[in-house]
Amino acid sequence: MPENKKKTLNELAIFGGAPLFKTTLHVGRPNIMDRDAVISRINQAMDRHWLSNDGPLVKEIEDRFADFLQVKHCIAVTNATMGLQLSAKALNVTGEVIIPSFTFIGTAHAMAWIGLKLVFCDVLSGNHNIDPADVEKRITESVGAIVGVHLWGRACEIDTLQELADRYGIPLIFDAAHAIGSTYKNKRLGGFGNVSVFSLHATKAINSLEGGLVTTNDDALADKIRLLRSYGFEDEDQVSMLGINAKMNEFSAAMGITNLEGYDRIRSHNRHLQVVYRDELSGIEGVNFIQPDEREENNYHYAVMEVGQGSCIRRDSLYRVLVAENVYVRRYFRPGCHRSLPYKISKKNGYLPITERLSATLLQLPTGLQMDLDKARALSRLIHFCLVNGAEIESRLCA
Ligand SMILES: Cc1ncc(COP(=O)(O)O)c(C=O)c1O
C-alpha cells in the first residue's frame, strides 16, 4: 500500500491489513551526517596510532562543544551515565539526591550505582521538568544534591532551582542528555548549575556512537572531573584520587565532531517534522502535541504527544496500532523510575501524580533524517485517523 494512501479501519495492520510503512520507523534512529568526513577523521586517527587517552580528536570535540555550548570547560566521556557519576563524585555528593522520577532510568541508576539514595520528586505538568516546589518539600539535612533533567530539550526552571540550591548550600547538577543546542533565557544550556551532562548516544540529536560531555564554568571542578575520568592520573605514574575509566575514544570523537558540523541541518529538519505533526494533530479532544517554547532554541529532536483524558483512544491502544504499522513509537518514561523494580520498594517516595499521568499518556514520534516530510505527513494522517476513529478501534481491540 502506498504510504500516502488513506486507510480504512479494516485496512489497519492490527486488523489484518498490510503495514503502512515497509521500512520500520524508529524513535531515535541515528542521524549519520557526512560519512566521508567521519571516515577521513578515523583514518587520520589510525595513521597517528592514537586511538584513546586524550587524543587530538577528543581535544577537538571538547573545544568545539565548549564553543558551541558557550561554556568554559567541556570534558568528553564514554557516555552521559558516567558523566553524571563523575559529576556527583567530583562534587563530593553524599547521602540523598533529589531527582525527578519522570526521566530515563539512567539518571536514577547513575546516582544509585555510586551509593547515593534517591528521593524521587514530581515534575511540572507544563514542561515535564522537575517541580521546584516539590523539590523544596523534600529537602532535608540528608540531601546532598539536586539533579534536574532538561527533558525533551526544554530547560528546567533553572533560576528557581539555583535559588533553592544556594539557600540550602547543595550542588545543582543538570542531566542535559536531551538538550544539546537548547537554550535558557537565550543562553545555551551547559553553563548553568554546578555542572551539566549531555549525551551523545546514538539515539540523540548529535551522536558520537556512544559518548557524553560534562560541562562547567568551574575551573577546579573541571580539573577534578578530568582526573576522575582517567583513574585519577596526575601524570605518568602519580595517582591522586580514586578515579575510573570514562575516557572518550578517537572514533567516537570523529563521529561527534562530524555530526556537530551537521547540527543545523538536523535541527531544521526536526523542526519541519514537528510542524507537520503539530498541524495534523492539533484540535483533537484529549490530544495535545507538546510544543517547544518558541522563545528559546530547541533541537526539536523529541516529538511528543499526549493522549490523555477525553481522547477516544487510549495511549496504549494507539501504540499497538502504530507498532503494527511498523512505526516504533515509544512510551517514555513508563512507568516512571519510582515504579521500576530497583526502586519501587521504597515507600518514602509517595505518589507522584504528574509523573503517573505522563507515564500513562505520552507517546514519542519518530524524528531525524530517517523521516522525510512525506513520511511525517503519512504518519500524521494515520494517527489522526486513529484518533478520530478511536472508539471503534477500542471496541474492536476489546472484542
Ligand atoms: C534523560 C537521560 N539521561 C541520561 C541518559 C543516559 O545517557 P547515555 O546513554 O549517554 O549514558 C539518557 C539516555 O538516553 C537520557 O535520556
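Counting starts at 1 for both ligands and their atoms, following the listed order.
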Is the distance between the ring centroids of [X] and [Y] under 6.0 Å?
| X | Y | answer |
| --- | --- | --- |
| F104 | Y332 | no |
| W50 | F251 | no |
| H109 | Y343 | yes |

Closer than 4.0 Å to some heavy atom of G211 - which atoms of ligand 1 meet that?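 Those qualifying, in numeric order: 10 (O).
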Element-labelled atoms of ligand 1 that are located less than 4.0 Å from some non-hydrogen atom of H178: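 Those qualifying, in numeric order: 1 (C), 15 (C), 16 (O).
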Between F104, F198, F102, flag the one that comes closest to atom 12 (C) of ligand 1 by a heavy atom.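 The residue whose heavy atom sits nearest atom 12 (C) of ligand 1 is F104.
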Who are the salt bridge (charged side-chain N to carboxylate O under 4.0 Å, His left out) partners of R188, not counting sequence neighbours?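 In terms of salt bridge (charged side-chain N to carboxylate O under 4.0 Å, His left out), with neighbours along the sequence ignored, R188 is linked to E297.
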Test of understanding: with salt bridge (charged side-chain N to carboxylate O under 4.0 Å, His left out), list the residues that count as partners of D374, not counting sequence neighbours.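 Result, salt bridge (charged side-chain N to carboxylate O under 4.0 Å, His left out) vs D374: R377.
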Is there a donor-acceptor pair under 3.5 Å between the side chain of [X] and the backbone N or O of [Y]?
| X | Y | result |
| --- | --- | --- |
| N129 | A155 | yes |
| R154 | Q291 | yes |
| N249 | S52 | no |

Quick one: does [X] get an N or O within less than 3.5 Å of an N or O on ligand 1?
| X | value |
| --- | --- |
| T103 | no |
| T81 | yes |
| A80 | yes |
| H201 | no |

Which protein non-hydrogen atom lies closest to [atom], naming both residue and atom, and how far is it?
| atom | value |
| --- | --- |
| atom 10 (O) of ligand 1 | S199 OG, 2.7 Å |
| atom 14 (O) of ligand 1 | K204 NZ, 2.5 Å |
| atom 4 (C) of ligand 1 | D175 OD2, 3.4 Å |

Is ligand 1 under 4.0 Å from a heavy atom in the side chain of A177, in the backbone, in both, or in neither?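 Looking at A177 and ligand 1, just side chain atoms fall under 4.0 Å.
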